[in-house]
Amino acid sequence: MRVISKKILKEFWAKYPDCEQQLKSWHLEASSSNWLNSNEVKKSYPSASILKDNRVVFNIKGNKYRLIVRITYEFQIIWVRFVGYS
């Protein structure tokens, strides 16, 4: 999958360096994935929350941070929407 807006991740881990490694790991795993639907996301990330409109919430660093993305499965694109505190 192609991850759009890695800049948002970089800006966040510049402010909060304790989550840099976890966000880089998520980015690497997501980029190399080939999810076709939300069920496949849940197989890879059981703690992820599936929302309306193909949005997914990932828990980062033991649920200290939240990463919200929108996935367009048809085109294999992940749009990073928000990273913040839980």
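We count residues from 1, following the sequence as given.
The two residues Arg70 and Arg81 have their closest heavy-atom pair at N-CG, 3.8 Å. For Thr72 against Met1, the heavy-atom pair with the smallest separation is O-CE, 4.3 Å.
There is a path of hydrophobic side-chain contacts, each under 4.5 Å, that joins Leu51 to Phe82. Ile68 and Tyr45 fall into different hydrophobic clusters, where Ile, Leu, Val, Met, Phe, Trp and Tyr residues are linked whenever their side-chain heavy atoms come under 4.5 Å apart, directly or through other members. Phe75 and Ile4 end up in the same hydrophobic cluster when Ile, Leu, Val, Met, Phe, Trp and Tyr side chains are linked at under 4.5 Å.
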(request) Dump the intermediate steps for side chain to side chain contact (heavy atoms under 4.5 Å, CB included) on Val80 and Lys7, then the final yes or no. (result) CA-CA 9 Å; Val80 176; Lys7 179 181 176 188; over 6 Å; no
(message) Applying side chain to side chain contact (heavy atoms under 4.5 Å, CB included) to His27 and Lys6, what does each step give before you reach the verdict?
(response) CA-CA 8 Å; His27 184 271; Lys6 185 176 179 183; 3.5 Å; yes
(request) Please step through side chain to side chain donor-acceptor pair (under 3.5 Å) for the pair Ser5 and Trp79, ending with a clear verdict. (result) CA-CA 7 Å; Ser5 297; Trp79 301 87; over 6 Å; no
(request) Start with the C-alpha distance between Asn34 and Gln76, add both sets of side-chain angles, then the distance that settles side chain to side chain contact (heavy atoms under 4.5 Å, CB included), and finish with yes or no. (result) CA-CA 7 Å; Asn34 190 21; Gln76 294 289 289; 2.6 Å; yes
(request) Evaluate the criterion side chain to side chain contact (heavy atoms under 4.5 Å, CB included) for residue pair Ile71 and Ile77; output intermediate values, then yes/no. (result) CA-CA 6 Å; Ile71 302 175; Ile77 297 175; over 6 Å; no
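For the atom pair OG (Ser33) and CD (Glu29), the distance works out to 9.0 Å, reported to the nearest 0.5 Å. Rounding to the nearest 0.5 Å gives a distance of 5.0 Å between CD1 of Ile50 and OG of Ser38. Interatomic distance, Glu74 CD to Asn54 CG, rounded to the nearest 0.5 Å: 10.5 Å. Of the inter-residue distances, the one linking Gln21 atom CD with Trp13 atom CH2 reads 9.0 Å to the nearest 0.5 angstrom. Note that the CG atom of Asp18 and the CG atom of Leu23 stand 9.5 Å from one another [nearest 0.5 Å]. To the nearest 0.5 Å, atoms OH (Tyr85) and OH (Tyr65) are separated by 4.5 Å.
Between Glu20 and Lys24, at least one side-chain N (NZ, or NE/NH1/NH2) sits under 4.0 Å from a carboxylate O, which counts as a salt bridge.
Aromatic rings from Trp35 and Tyr73 are positioned such that their centres are separated by 6.0 Å or more.
Within the 3.5 Å criterion, the main-chain N or O of Lys42 finds no donor-acceptor partner in the side chain of Asn39.
For the side-chain contact (heavy atoms from CB on, under 4.5 Å) with Leu67, the qualifying choice from Val57, Ile8, Leu9, Asn59 is Leu9, the only one to do so.
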